[in-house]
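Following: one structure in structure tokens, then a few remarks.
In this chain, residues are counted from 1 in sequence order. Quick caveat: nothing in here was measured; it's all calculated off a predicted structure.
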Amino acid sequence: MSLDAHLATLEQRHSALDDEIATAHTKPAITDGEMRELKRRKLQLKDEIERLRASRD
């Protein structure tokens, strides 16, 4: 998989997590731990995207 394709996939996953977090805010059934986990995964993706972009330049 090329770097650009990998970045695009990560960006799609990041966006999907962003949508999932926004939806989770409207659901009272989600726990604080579950919300933390979603945000942690989103941050990990963001960090990986930034790292790959920096290595590409």
Nearest-0.5 Å distance, OG of residue S15 to CD of residue E20 |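 So the OG of S15 and the CD of E20 are separated by 11.5 Å.
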
Report the distance from atom CG of L17 to atom CD of Q44, rounding to the nearest 0.5 Å.
->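 If we round to the nearest 0.5 Å, L17:CG and Q44:CD are 10.0 Å apart.
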
Can you establish whether the number of heavy atoms outside R41 located under 6.0 Å from its atom CZ is more than 12?
->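 Enclosed.
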
Is the shortest heavy-atom distance from the side chain of [X] to the side chain of [Y] under 4.5 Å?
X: E48; Y: H6; answer: yes
X: K42; Y: L38; answer: no
X: R13; Y: L10; answer: yes

Testing L7, D4, D47 for side-chain contact (heavy atoms from CB on, under 4.5 Å) with L52, which one passes?
->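 For L52, the side-chain contact (heavy atoms from CB on, under 4.5 Å) check succeeds only for L7.
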
Are L43 and L45 joined in one hydrophobic group, where the rule is that I, L, V, M, F, W and Y side chains link up if heavy atoms are under 4.5 Å apart?
->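 No, no single cluster joins them.
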
Donor-acceptor pairs under 3.5 Å, side chain of residues 26-33 to any protein atom, not counting sequence neighbours: which ones?
| unit_1 | atom_1 | unit_2 | atom_2 | d |
| --- | --- | --- | --- | --- |
| T26 | OG1 | T23 | O | 2.6 |
| T31 | OG1 | E34 | N | 3.1 |
| T31 | OG1 | E34 | OE1 | 3.3 |

